[in-house]
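Report on the structure given below.
The chain is numbered in sequence order, starting from 1.
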Amino acid sequence: MSELPEIRIGTADREKALDVLGQHFSEGRLTVPEFDERSATIASATTRGQLESVFVDLPAASGTASVARSDAGNPAVKDRGIDWAAVVMPIVIFGSLALFFVTDFDQKWLFFLLIPLAGAILSAVGHPADKKKKKKKS
């Protein structure tokens, strides 16, 4: 079933389209002025039809049938996991600041050691997407 061209798009769709356009540019299918013009068109696009018009004369880029189509609403796409580092690190930073100002502990500076400790633990755990890439290589 073909997507309607008047469906509005979001920032993620525009970013995906810019990535695909960059791939076409790096493969030598576009000149610099063409790339600049098409990038501006993508940046100002508000509908799928406007995005698709940028790629009319270009081949589908390495398995991407539709540039503007989003995976967000596709039930076949598996859960990509949560980036815990992006969630936990701000909490640790603000929590350390709060503990520093609120508590009556003599060596308050120790609370700031929680920040690199949390960073080390989270980087050792890794990102869910990294684990999926390792499984695919095996």
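- In this view, Thr41 satisfies the side-chain hydrogen bond (donor to acceptor under 3.5 Å, both in side chains) rule with no residue, not counting sequence neighbours.
- No donor-acceptor contact under 3.5 angstrom links the side chains of Thr11 and Glu15, judged on distance only.
- Side-chain contact check for Arg29 versus Pro59: some heavy-atom pair is nearer than 4.5 Å.
- Rounding to the nearest 0.5 angstrom, the gap separating the CZ atom in Arg48 from the CZ atom in Arg8 is 12.0 Å.
- Note: Thr46 OG1 to Ile9 CD1 = 6.5 Å, rounded to the nearest 0.5 Å.
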Scan the side chains in residues 95-119 for donor-acceptor partners under 3.5 Å anywhere in the protein, sequence neighbours excluded, and list what turns up.
unit_1, atom_1, unit_2, atom_2, d
Ser96, OG, Val92, O, 2.9
Ser96, OG, Phe111, O, 3.1
Thr103, OG1, Leu99, O, 2.5
Lys108, NZ, Phe100, O, 3.2
Lys108, NZ, Thr103, O, 3.1

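- Shortest non-hydrogen contact noted between Arg14 and Ile42 is CD-O, 3.1 Å.
- Leu30 contributes atom CG, which lies 11.5 Å from atom CD of Gln23 (distance to the nearest 0.5 angstrom).
- Note that CG of Asp13 and CG of Leu51 are 7.0 Å apart. Values are rounded to the nearest 0.5 Å.
- Each salt bridge (charged side-chain N to carboxylate O under 4.0 Å, His left out) pair with one or both residues in residues 33-42, not counting sequence neighbours, appears once here: Arg38-Asp57.
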